[in-house]
Novice: 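Please read through the structure below; I'll follow up with questions.
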Amino acid sequence: MYLTARQSEILELAKTEGRVLVDELAARFSVTPQTIRKDLNDLCDGRVLTRIHGGAVFPRGNENVKYEARRSIAALEKQAIGQAAAAMIPNNSSLFINIGTTTEAVGEALLDHTELMVITNNINVANRLRVFPSIEVVIAGGVVRGADGGIVGEAAVDFIRQFKVDYAVIGASAIDHDGALLDFDYREVKVAQAIIANARHVILVSDSTKFERTAPVRIGHITQVHTFITDICPIENVRSICQEQDVRLIETSR
């Protein structure tokens with residue numbers, strides 16, 4: 001989804017404040033309410049925002065957002081998280097990367113690395129990295145999820161279990177305040193669990209909006225990862241768990 005500069009600012013306002021109102025936005029940008037309504041309709045059609053009477057809200061709770069729309073949410077934060085994760089991964093190493101817009105940001109930040117072996121169930125990551133001769137890409141087999149290009153199912157799980165890699169880069173659709181890592185698709189969860197079990201160092205990458213959401217399927221717990229990279233961790237309980245359980249917390253906005 002392409003966003004204009006005004007739509008991007010409206011999205012950031014909605015993310016910060018929870019909701020935006022037509023009249024307030026019209027005054028802020030010195031445009032007509034009709035122009036703002038069109039912007040909001042475009043954002044809601046892409047499921048970046050949810051329409052309410054007189055405005056729109058940033059989607060929260062257990063509503064999953066379309067994959068293309070998720071790329072626009074916290075895009076700068078994801079880029080910084082991706083760069084921080086890539087900085088931890090040395091040349092001449094092997095790693096898993098699973099499905100997700102933040103894990104894709106890590107893949108993008110790895111392009112200047114050499115002699116990497118990247119095993120992934122993410123078609124988008126595989127397609128981006130395949131043209132770089134210094135990066136060997138190995139892609140899982142299984143059912144391709146049309147919504148996001150994720151490869152899921154038992155065949156993908158069995159494939160992942162063949163490897164033991166240096167690093168794993170995983171994401172989550174939501175992070176509960178008790179530290180539980182959550183997702184929407186039990187098939188993807190099975191792949192993520194296999195990735196966690198077969199990596200020497202697990203890196204969780206997730207922007208702070210994931211603390212505002214919930215999802216029905218449990219991947220695992222934050223204590224199962226070695227490093228958690230986010231823009232900011234607003235939940236003190238999660239911060240305490242990381243400290244007590246020797247999970248390295250990296251906040252890119254601090």
Side-chain angles (χ1 to χ4, degrees), residues 78 81-111 113-126 128-130 135-142 145 148-175 179-183 185-207 210 215 217-230 238 241-242 245-250 252:
K78 290 173 182 175
I81 291 166
Q83 291 169 349
M88 292 186 59
I89 298 169
N91 295 329
N92 299 289
S93 59
S94 58
L95 66 149
F96 292 127
I97 300 179
N98 82 337
I99 192 67
T101 55
T102 312
T103 57
E104 283 185 28
V106 180
E108 190 71 24
L110 288 169
L111 297 182
H113 282 51
T114 59
E115 304 305 322
L116 291 183
M117 181 183 195
V118 177
I119 301 141
T120 185
N121 71 320
N122 186 330
I123 282 180
N124 308 302
V125 166
R128 185 70 180 97
L129 298 182
R130 66 181 173 79
I135 301 176
E136 181 181 7
V137 179
V138 183
I139 192 164
R145 206 163 49 188
D148 56 12
I151 300 171
V152 296
E154 287 302 318
V157 172
D158 291 341
F159 181 83
I160 292 297
R161 286 175 176 158
Q162 298 179 77
F163 299 90
K164 186 73 174 183
V165 301
D166 301 316
Y167 296 90
V169 178
I170 66 165
S173 293
I175 302 176
L181 309 179
L182 306 169
D183 210 310
D185 188 338
Y186 73 93
R187 299 171 303 169
E188 167 58 21
V189 163
K190 292 290 187 183
V191 177
Q193 289 170 341
I195 286 173
I196 291 170
N198 289 283
R200 297 180 182 89
H201 188 108
V202 179
I203 303 171
L204 171 67
V205 292
S206 179
D207 68 87
K210 301 301 174 63
V217 189
R218 182 184 175 96
I219 300 170
H221 195 267
I222 200 164
T223 53
Q224 293 175 263
V225 312
H226 301 90
T227 302
F228 173 32
I229 306 178
T230 184
V238 173
I241 291 170
C242 290
Q245 300 297 322
D246 293 326
V247 176
R248 183 185 179 190
L249 173 62
I250 298 175
T252 59

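In what follows, every heavy atom counts, from backbone to side chain, and hydrogens, waters and symmetry copies are set aside.
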Novice: Do Val169 and Asn98 make a side-chain contact, defined as non-hydrogen atoms from C-beta onward lying under 4.5 Å apart?
Specialist: no
Novice: Determine yes or no for a side-chain-to-main-chain donor-acceptor pair under 3.5 angstrom, with His113 supplying the side chain and Ile89 the backbone.
Specialist: yes
Novice: Might you point out which heavy atoms bring Ile139 and Ala126 nearest each other, and give the distance in Å?
Specialist: CD1-CB, 3.7 Å
Novice: Do Leu182 and Ile219 have side chains that approach each other closer than 4.5 Å (heavy atoms only, starting at C-beta)?
Specialist: no
Novice: Would Met88 and Arg248 count as a side-chain contact (heavy atoms from CB on, under 4.5 Å) here? Give the steps.
Specialist: CA-CA 12 Å; Met88 292 186 59; Arg248 183 185 179 190; 4.2 Å; yes
Novice: In Å and rounded to the nearest 0.5 Å, what is the CD to CE distance from Glu136 to Met117?
Specialist: 4.5 Å
Novice: Would you say the side-chain atoms of Asn91 pair up with the backbone N or O of Thr114, donor to acceptor, closer than 3.5 Å?
Specialist: yes
Novice: Under a 4.5 Å cut-off applied to non-hydrogen side-chain atoms, are Glu108 and Leu110 in contact?
Specialist: no
Novice: Between Val106 and Ala85, which heavy-atom pair has the shortest distance, and what is it?
Specialist: CG2-CB, 3.8 Å
Novice: Nearest 0.5 angstrom please: Glu115 CD to Ser94 OG, how far?
Specialist: 12.5 Å
Novice: Name the orientation class of the two ring planes belonging to Phe96 and Phe163 (parallel below 30°, tilted from 30 to 60°, perpendicular beyond 60°).
Specialist: perpendicular
Novice: So how far is it from Asp148 CG to Asn122 CG, rounded to the nearest 0.5 Å?
Specialist: 7.5 Å
Novice: Among side-chain atoms of Asn124 and Glu104, is any donor-acceptor pair under 3.5 angstrom?
Specialist: yes
Novice: Without hydrogens or angle criteria, can the side chains of Lys78 and Thr101 be said to hold a donor-acceptor pair below 3.5 Å?
Specialist: yes
Novice: Taking C-beta and beyond as the side chain, do Thr227 and Val247 meet within less than 4.5 Å on heavy atoms?
Specialist: no
Novice: Kindly determine whether Ile170 and Ile203 satisfy side-chain contact (heavy atoms from CB on, under 4.5 Å), including the steps that lead there.
Specialist: CA-CA 6 Å; Ile170 66 165; Ile203 303 171; over 6 Å; no
Novice: As an exercise, state the distance from OG of Ser206 to CD1 of Ile81, rounded to the nearest 0.5 Å.
Specialist: 7.0 Å
Novice: Given side-chain contact (heavy atoms from CB on, under 4.5 Å), test Ile123 with Ile151 step by step and report yes or no.
Specialist: CA-CA 7 Å; Ile123 282 180; Ile151 300 171; 4.0 Å; yes
Novice: Quick one: closest heavy-atom pair of Ile195 and Ala168, and the distance?
Specialist: CG2-CB, 3.5 Å
Novice: If you round to the nearest 0.5 Å, how far is CD of Glu188 from CG of Asn121?
Specialist: 5.0 Å
Novice: Are any of the side-chain heavy atoms of Ile99 and Arg145 separated by less than 4.5 Å?
Specialist: yes
Novice: Checking Gln224 side chain against His221 main chain: does a donor-acceptor pair fall under 3.5 Å?
Specialist: yes
Novice: What closest approach, in Å, do Phe159 and Gly141 show between heavy atoms, and which atom pair accounts for it?
Specialist: CG-N, 4.4 Å
Novice: Atom CD1 of Ile97 and atom CD1 of Ile119: how far apart are they, to the nearest 0.5 Å?
Specialist: 10.0 Å
Novice: Within a strict 4.5 Å, meaning less than it, do heavy atoms of the Thr223 and Ile241 side chains meet?
Specialist: yes
Novice: Do the side chains of Leu204 and Ile222 get nearer than 4.5 Å, heavy atoms only?
Specialist: yes
Novice: Is there a side-chain contact (heavy atoms from CB on, under 4.5 Å) between Arg187 and Lys190 once you walk through the steps?
Specialist: CA-CA 5 Å; Arg187 299 171 303 169; Lys190 292 290 187 183; 5.9 Å; no
Novice: Verify, without hydrogens or angle tests, whether His226 (side chain) and Val202 (backbone) share a donor-acceptor contact under 3.5 angstrom.
Specialist: yes
Novice: Check Arg218 against Ala180 and note the closest heavy-atom contact, atom names and distance.
Specialist: NH1-CB, 3.5 Å
Novice: How close do Gly142 and Ala155 get, heavy atom to heavy atom, and via which atoms?
Specialist: CA-CB, 4.0 Å
Novice: Any heavy-atom pair between the side chains of Val217 and Asp185 that's under 4.5 Å?
Specialist: no
